[in-house]
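We number each residue from 1, following the sequence as shown. Order of appearance sets the numbers: ligands from 1, and atoms from 1 within every ligand.
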Amino acid sequence: MVLGFWDLAVPVVGAPMAGGPGTPELAAAVSNAGGLGFVAGGYLSPERFAEDITAARAATTGPIGANLFVPQPSVADYLQLEHYAEALDEVAEHYDVEVGMPRFGDNDGWTRKLEVVADLRPEVVSFTFGAPSPDVLRWLGSLGIVLLITVTSAYEAGVAIAAGADGLVVQGPGAGGHRGTFAPDMRPGTESLGELLDRIAATHDVPLIAAGGLGTPEDVAGVLNRGAVAAQVGTALLLADEAGTNSVHRSALRNPQFSNTVVTRAFSGRYARGLENDFTRLLDDVAPLGYPEVNHMTAPIRAAAVARDDPHGTNLWAGTGYRSACPGPAADIVKKLGGA
Ligand SMILES: Cc1cc2nc3c(=O)[nH]c(=O)nc-3n(C[C@H](O)[C@H](O)[C@H](O)COP(=O)(O)O)c2cc1C
């Protein structure tokens, strides 16, 4: 591990944000501001992932991170998926689309994306939804890449360190988007971010990056005072000029009618935090666990809702600090959060 790496001029990491909000421009802008920007690899083809890393790299002289979804065994129960398809039917009808097929998928192109990072060697690679095997981490580590694993509990921290992570992204319950949970029961931890940081730091001597609900300079200073080397922020960057956040999502984040966030499985079959809307109110109770099957089932509805500018049929990922998110250049947001 490159020890000096943690001395970022601004101790702020721009979270990887798959599904649109994360762009190479955003990653480069965060790094140019003295933080560390991330290219999100999730959902992209390996070719597009390589292009995005190359584009981010070309737009900054600072470090670049890349992020991957770790393949996970399916926990889907097909009877439950069938029931959920029935519940989704009337929503799909409302949007003039069909419920998607509950495919298990191709592991999000895991093997080829590993080759992409081995080839392009971003300074840092972070993983979410699991801990890669020690072999994979040894291989990428031997290429000089700093390796981080996202954890949501002390148990997951132990697994990640045993696998060979150089550092951890400690994701607390206020985080926007998907929780990185990979413990067998898939239930995200409820311990506060501060408690989690303290507990993990008491047992493991690795750099910790704190994430989840950090929306103000005071929030960032709070986790640094608790020993984190940096704060990773996602929601705070959703309104940034360089973010690819769609217009439905951008307006909902600033619309006082959306006054609450909830942790829901309804969109993807994995727990994720977003603004409460008609979709979560109607379907959260009946939605089963089962990623990526449920994600594929809801995809046509989500796409149709975005096309119609309707915030009630799509996921509006947001952490608990969403009220502090401001539009403007990412550099201003990052410098302000980092107290620079
Ligand atoms: C829109 C959105 C997309 C996200 N996508 C990813 C991702 O692709 N990979 C990942 O590791 N984390 C992802 N996250 C989680 C972030 O890494 C981070 O944990 C979270 O944003 C921190 O909480 P905050 O949103 O309150 O700042 C995403 C978060 C958001 C809001």
What protein heavy atom sits nearest atom 6 (C) of ligand 1, and how far off is it?
Pro16 O, 3.0 Å
Just let me know how Phe69 lines up against ligand 1, side chain, backbone, both or neither, with a heavy-atom cut-off below 4.0 Å.
side chain
of all protein heavy atoms, closest to atom 22 (C) of ligand 1 is Gly212 N, 3.5 Å
Tell me the protein heavy atom at minimum distance from atom 16 (C) of ligand 1, and give that distance in Å.
Ala15 CB, 3.6 Å
Min over Gly176, Ala318, Ala211 of heavy-atom distance to atom 20 (C) of ligand 1 lands on Gly176
Step-by-step salt bridge (charged side-chain N to carboxylate O under 4.0 Å, His left out) determination, Arg57 to Glu123
CA-CA 10 Å; Arg57 162 70 69 235; Glu123 280 76 8; 2.7 Å; yes
Counting from 1 in the order shown, the ligand 1 atoms closer than 4.0 Å to a non-hydrogen atom of Gly319 are 26 (O)
By ring-ring contact (aromatic ring centres under 6.0 Å, His included), Phe104 pairs with (sequence neighbours left out) none
Would you please indicate yes or no on a ring centroid separation below 6.0 angstrom for His178 and Phe267?
no
Could you name the option among Ala210, Gly42, Gly234 that has the heavy atom nearest to atom 21 (O) of ligand 1?
Gly234
The one among Ala18, Gly172, Gly177 that brings a heavy atom closest to atom 5 (N) of ligand 1
Ala18
Ranked by distance from atom 25 (O) of ligand 1, the top protein heavy atom is Thr235 OG1, 2.5 Å
Residue portion contacting ligand 1 (non-hydrogen atoms closer than 4.0 Å) for Gln171
side chain
Around atom CG of Asp205, are there more than 12 heavy atoms from other residues, nucleotides or ligands closer than 6.0 Å?
no
With respect to atom 10 (C) of ligand 1, which of Asn67, Leu148, Leu237 exhibits the smallest heavy-atom separation?
Asn67
Main chain of Glu276, side chain of Thr280: is a donor-acceptor contact present, judged purely on distance under 3.5 Å?
no
List every atom of ligand 1 that sits less than 4.0 Å from any heavy atom of Val233, numbering the atoms from 1 in the order shown and giving each element.
27 (O)
I'd like to know whether ligand 1 has Gly174 as a neighbour, heavy-atom separation below 4.0 Å.
yes
Inspect the contact between Arg270 and Glu293 and indicate whether a charged nitrogen and a carboxylate oxygen are less than 4.0 angstrom apart.
no
Identify which of His178, Arg273, Gln232 has a heavy atom lying nearest to atom 17 (O) of ligand 1.
Gln232
Tell me which one of Phe182, Phe49, Phe127, Tyr43 satisfies ring-ring contact (aromatic ring centres under 6.0 Å, His included) with Phe69.
Tyr43
Taking the basic N atoms (NZ, or NE/NH1/NH2) and the acidic carboxylate oxygens, is any pair closer than 4.0 Å for Asp119 and Arg112?
no
Just to be sure I'm reading this right: ignoring hydrogens, which of Gly41, Ala175, Ser126 gets closest to atom 23 (O) of ligand 1? Compare them by their nearest heavy atoms.
Ala175
Partner set under side chain to side chain donor-acceptor pair (under 3.5 Å) for Thr128, not counting sequence neighbours:
none
Numbered in order shown, the ligand 1 atoms found under 4.0 Å of a heavy atom of Thr128 are 9 (N), 10 (C), 11 (O)
Do the charged groups of Lys336 and Asp332 touch, with an N to O distance under 4.0 Å?
no
If hydrophobic clusters are built from ILVMFWY residues whose side chains come within less than 4.5 Å, do Leu239 and Val220 share one?
yes
Does Gly213 come within less than 4.0 Å of ligand 1, judged by its heavy atoms?
yes
